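One structure below.
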Number of protein chains: 2
Amino acid sequence: MNIGDVSTAADLPAKTIRYYEEIGLIRPARGQNGYRSFSQSDLHKLRFLGRARALGFSIEDCRTLLALYENEGRASSEVRKIAESHLRDIRTKITTLDAMRQTLEHLVSTCAGDDRPDCPILNDLGGSAHEK
Amino acid sequence: MNIGDVSTAADLPAKTIRYYEEIGLIRPARGQNGYRSFSQSDLHKLRFLGRARALGFSIEDCRTLLALYENEGRASSEVRKIAESHLRDIRTKITTLDAMRQTLEHLVSTCAGDDRPDCPILNDLGGSAHEK
DNA sequence: CTTGACCTTACAGTCACTGGAAGGTCTATC
DNA sequence: GATAGACCTTCCAGTGACTGTAAGGTCAAG
């Protein structure tokens with residue numbers, strides 16, 4: 001398979017696939033014409049990577065997870081440790097974003113949003129709540 | 001005030017303040033020695049930027065918000081539009097992260113996390129759920 | 001007059017791609 | 001055999017918002 005085929009099959013941009021090769025996540029063979037020639041195993045790895053990235057794992061986590069996936073003698077505790085760490089990061093991000101959301105929802109709800117210049121959002125950003 | 005003083009006062013790294021000058025968000029004066037000399041107005045802008053960034057607004061949004069803040073004839077609808085758009089982005093991010101969290105929580109809970117190689121997390125990433 | 005804390009610029013690196021230029025290859029049609 | 005268009009290649013630059021580091025200038029205290 002050429003890169004266009006795996007791109008469709010794995011639902012990843014060709015650019016991304018080339019990038020994954022560049023950083024050593026995959027090592028597709030090459031044809032005589034210099035084109036990358038992808039095996040079923042390459043495609044399988046790309047799908048693995050696509051799913052892991054969709055769950056928010058970093059590239060380095062993906063590299064480790066892929067190595068564990070290929071290692072028959074792995075301990076599932078290794079995998080779980082990575083997933084739990086990532087889960088903690090996600091929970092932290094959600095908490096942060098939720099605080100932003102609440103603040104913004106409050107500010108937006110108190111802003112008239114009309115032609116007049118008076119604006120609680122700008123007042124808050126300007127620090128009026130703390131200064132007065 | 002020198003950069004160290006405003007850095008403390010605005011709770012922003014000096015590096016970040018220099019960067020904000022570089023991209024034209026602030027224009028502090030310069031002393032004879034070449035040091036940046038910050039006014040109270042500069043400090044006020046930096047605090048504004050710090051709060052806006054803490055709410056997740058992009059630098060370009062911050063640039064616009066700061067201009068609106070300084071513009072006495074602004075319409076609050078402009079501000080509200082930006083805040084609402086940003087709020088939508090945040091809600092989308094939360095939704096995405098929450099889906100990741102749920103999937104990961106499920107996977108982590110079904111993984112023994114011991115010495116054995118069998119691992120539902122890797123099985124899922126490998127696509128077993130779809131293949132069988 | 002030296003030490004050390006502060007300041008300066010300039011350049012590289014981060015993360016995970018994405019865009020674009022310049023060119024080679026393949027397939028189908030004329 | 002020529003040509004068009006779709007594919008492939010590499011290489012370099014850009015994204016966002018900083019952060020790190022190197023090499024050097026300035027200032028106040030002792």
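Order of the sequence lines fixes the chain letters, A, B, ..., with proteins taken first and strands second; residue numbering starts at 1 for each chain. It should be emphasised that the depicted structure is a prediction, and the values quoted were computed from it without experimental measurement.
The residue among B:R53 and A:N2 whose nearest nucleotide of DNA chain D is located toward the 5' end is A:N2.
A salt bridge does not link B:D118 to B:R116: none of the charged nitrogens lies less than 4.0 Å from a carboxylate oxygen.
Under the 3.5 Å distance criterion, the side-chain polar atoms of A:R91 are left unmatched by any main-chain donor or acceptor of B:R101. Of the possible polar contacts, none joining the B:S77 side chain to the A:D115 backbone as a donor-acceptor pair under 3.5 Å is found.
First and last contacting nucleotides of DNA chain C toward chain A (any atom under 4.0 angstrom from a heavy atom, 5' to 3' order): C:dA16 to C:dC26. Nucleotides of DNA chain D with any atom under 4.0 Å from a heavy atom of chain A span, from 5' to 3', D:dC7 to D:dC11.
Remark: B:L97 CG to B:T92 OG1 distance equals 11.0 Å, nearest 0.5 Å.
Listed by first and then second residue, the ring-ring contact (aromatic ring centres under 6.0 Å, His included) pairs that reach into residues 75-100 of chain B are B:F57-B:H86, sequence neighbours excluded. Legend: ring-ring contact (aromatic ring centres under 6.0 Å, His included) pairs involving residues 23-42 of chain A, not counting sequence neighbours: none detected.
Summarising the geometry of A:G31 relative to A:S37, their closest heavy-atom pair is N-CB, 4.4 Å, with the distance given to 0.1 Å.
Aromatic ring orientation, B:F48 versus B:Y69: tilted (interplanar angle from 30° to 60°).
The side chain to side chain contact (heavy atoms under 4.5 Å, CB included) check on B:Q102 picks up B:D98, with sequence neighbours excluded. Residues satisfying the side-chain hydrogen bond (donor to acceptor under 3.5 Å, both in side chains) test with A:S39, not counting sequence neighbours, are A:D42. Partners of B:R80 under the side-chain hydrogen bond (donor to acceptor under 3.5 Å, both in side chains) rule, at least two apart in sequence or in another chain, are B:E84. Under the side-chain hydrogen bond (donor to acceptor under 3.5 Å, both in side chains) criterion, A:R30 pairs with A:E21, sequence neighbours left out.
In the region residues 81-98 of chain A, proximity to DNA chain D at under 4.0 angstrom, judged on heavy atoms, holds for none of the residues. Remark: B:K15, B:T16, B:Y19, B:Y20, B:N33, B:Y35 in residues 14-35 of chain B come within less than 4.0 Å of DNA chain D through at least one heavy atom.
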List the steps and the verdict of side-chain contact (heavy atoms from CB on, under 4.5 Å) for B:L122 and A:R74.
CA-CA 11 Å; B:L122 292 181; A:R74 77 204 162 219; 3.5 Å; yes

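Annotation: the terminal axes of the helix from C:dC1-D:dG30 to C:dC30-D:dG1 meet at 30°, where each axis is the rotation carrying the C1' atoms of four end pairs onto the next four (5 pairs per end, rounded to 10°).
Side-chain contact check for B:L66 versus B:K45: some heavy-atom pair is nearer than 4.5 Å.
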Validation: residues 1-11 of chain A side-chain donor-acceptor distances under 3.5 Å, sequence neighbours left out:
residue : atom : partner : partner atom : Å
A:D5    : OD2  : A:N2    : N            : 3.0
A:S7    : OG   : A:L12   : O            : 2.6
A:T8    : OG1  : A:G4    : O            : 3.1

